[in-house]
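We're numbering straight along the sequence, starting at 1.
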Amino acid sequence: MTDRPTALDLPQMDPLPDATQRYFDICVEKLGFVPNVLRAYAFDVDKLNAFTAMYNDLMLAPSGLSKLEREMIAVAVSAENRCFYCLVAHGAAVRALSGDPALGEMIAMNYRVAPLTDRQKAMLDFAVLMTRASATIKEADRATLRSHGLSERDIFDLASVAGFFNMSNRVASAIAMTPNPEYHGQAR
């Protein structure tokens, strides 16, 4: 077993720039480990910074979508793409944010069986449609979201989160990114 976060031989910068090391130290303090997705990008600080800036903006910044809803989108998209890394990591986040140890697995396996609100189901339907066939989205699809209380900004945020995870799922799968083992036992 290798300690590499991916199948690629791209060693982490050593030493890490001071700001990056502080960010990794915060991860260890809050999570107990550095997520392998960050380690995977740590061979190039500019790529790592671009990835984390977009991730942090989409997933943590103020939005009409709750943090749990954004994580649910990540899991539904990752399930459609069968991205092992993101299913494990973001399934753990759904469990932690919802307080429901089964919810992450339900969304990963088939979000349609999960105890979701009508709004959440509409959001995940849209995210999965976007993942499968974004060119087929029509005004009626956006109107459905509006009818469930999503604002124009919320729809933009939903599309952005789904788009980000479609990109990151493809990269993670292509380079065989391995989830940190710690994720498997979190929030159970």
inquiry  = Apply side chain to side chain contact (heavy atoms under 4.5 Å, CB included) to residues Tyr41 and Val171 and explain how you reach the verdict.
reply    = CA-CA 11 Å; Tyr41 278 89; Val171 172; 4.0 Å; yes
task = Please step through side chain to side chain contact (heavy atoms under 4.5 Å, CB included) for the pair Val77 and Val128, ending with a clear verdict.
result = CA-CA 6 Å; Val77 167; Val128 168; 5.8 Å; no
message = One pair to check against side chain to side chain contact (heavy atoms under 4.5 Å, CB included): Ile73 and Leu65. What are the steps and the verdict?
response = CA-CA 10 Å; Ile73 294 163; Leu65 308 180; 4.1 Å; yes
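Ring geometry for Tyr55 versus His90: interplanar angle of 30 to 60°, hence tilted. Note on ring orientation: taking the six-membered ring where Trp is involved, the planes of Phe51 and Phe164 are tilted (angle from 30° to 60°).
Qualifying salt bridge (Lys or Arg N to Asp or Glu O under 4.0 Å) partners for Asp157, counting only residues two or more places apart in sequence or in other chains: Arg153. Take Ala96 and apply the side-chain contact (heavy atoms from CB on, under 4.5 Å) test, not counting sequence neighbours, and it matches Ala187.
Between Val94 and Glu105, every side-chain heavy-atom pair lies at or beyond the 4.5 Å cut-off. Side-chain contact between Arg146 and Ser151 is absent, with no heavy-atom pair separated by less than 4.5 Å. You'll find the side chain of Thr6 stays beyond 4.5 Å of the side chain of Thr178, heavy atoms only. Using a 4.5 Å heavy-atom cutoff, the side chains of Met59 and Phe165 are in contact. No side-chain heavy atom of Leu145 sits under 4.5 Å from any side-chain heavy atom of Asp154. Residues Leu48 and Arg39 fail the side-chain proximity criterion, which asks for heavy atoms closer than 4.5 Å. Contact annotation: the side chain of Arg82 never approaches that of Ser173 to less than 4.5 Å [non-hydrogen atoms, C-beta and beyond]. Side-chain contact between Arg142 and Phe126 is present, with at least one heavy-atom pair separated by less than 4.5 Å.
Between Met130 and Ala162 the shortest heavy-atom distance is SD-CB, 3.8 Å. Between Glu182 and Gln186, the shortest heavy-atom contact is O-CG, 3.3 Å. Minimum interatomic distance between Ala122 and His148 (heavy atoms only, all atoms of both residues): CB-CD2, 3.5 Å. The heavy-atom pair separating Val75 from Ala108 by the smallest distance is CG1-N, 3.6 Å.
The CE atom of Met54 sits 11.0 Å away from atom CG of Asn56, with the distance rounded to the nearest 0.5 Å. Here the CE-CZ distance, from Met177 to Phe84, works out to 12.5 Å after rounding to the nearest 0.5 Å. Note that the CD atom of Gln120 and the CG atom of Leu68 stand 6.5 Å from one another [nearest 0.5 Å]. Atom OG1 of residue Thr144 and atom CG of residue Leu150 lie 11.0 Å apart, to the nearest 0.5 angstrom. How far CG of Leu103 is from CE of Met106: 5.5 Å, rounded to the nearest 0.5 Å. Distance check, rounded to the nearest 0.5 Å: OG of Ser78 to CD1 of Ile107 gives 11.0 Å.
Panel note: side chain Tyr111, backbone Lys121; no donor-acceptor pair is recorded below 3.5 Å. At distances below 3.5 Å, not a single donor-acceptor pair connects side-chain atoms of Asn81 with backbone N or O atoms of Cys83. Under a 3.5 Å cut-off, the side chain of Asn49 and the backbone N or O of Val45 do form a donor-acceptor pair. Asp141 places a side-chain N or O within donor-acceptor distance of the main-chain N or O of Lys138, the cut-off being under 3.5 Å.
The hydrophobic cluster containing Leu158 also contains Met167, counting ILVMFWY residues as joined when their side-chain heavy atoms lie under 4.5 angstrom apart, directly or transitively. At a threshold of 4.5 Å between side-chain heavy atoms, the hydrophobic network of Ile, Leu, Val, Met, Phe, Trp and Tyr places Leu116 and Met109 in two separate groups.
Salt-bridge check for Arg95 with Glu71: failed, with every basic side-chain N at 4.0 Å or more from each acidic carboxylate O.
Between Asn180 and the choices Val34, Asn36, Val88, the side-chain contact (heavy atoms from CB on, under 4.5 Å) rule is met once, by Asn36.
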Show me, pair by pair, the donor-acceptor contacts under 3.5 angstrom made by side chains of residues 7-33, not counting sequence neighbours?
residue	atom	partner	partner atom	Å
Gln21	NE2	Asp25	OD1	2.8

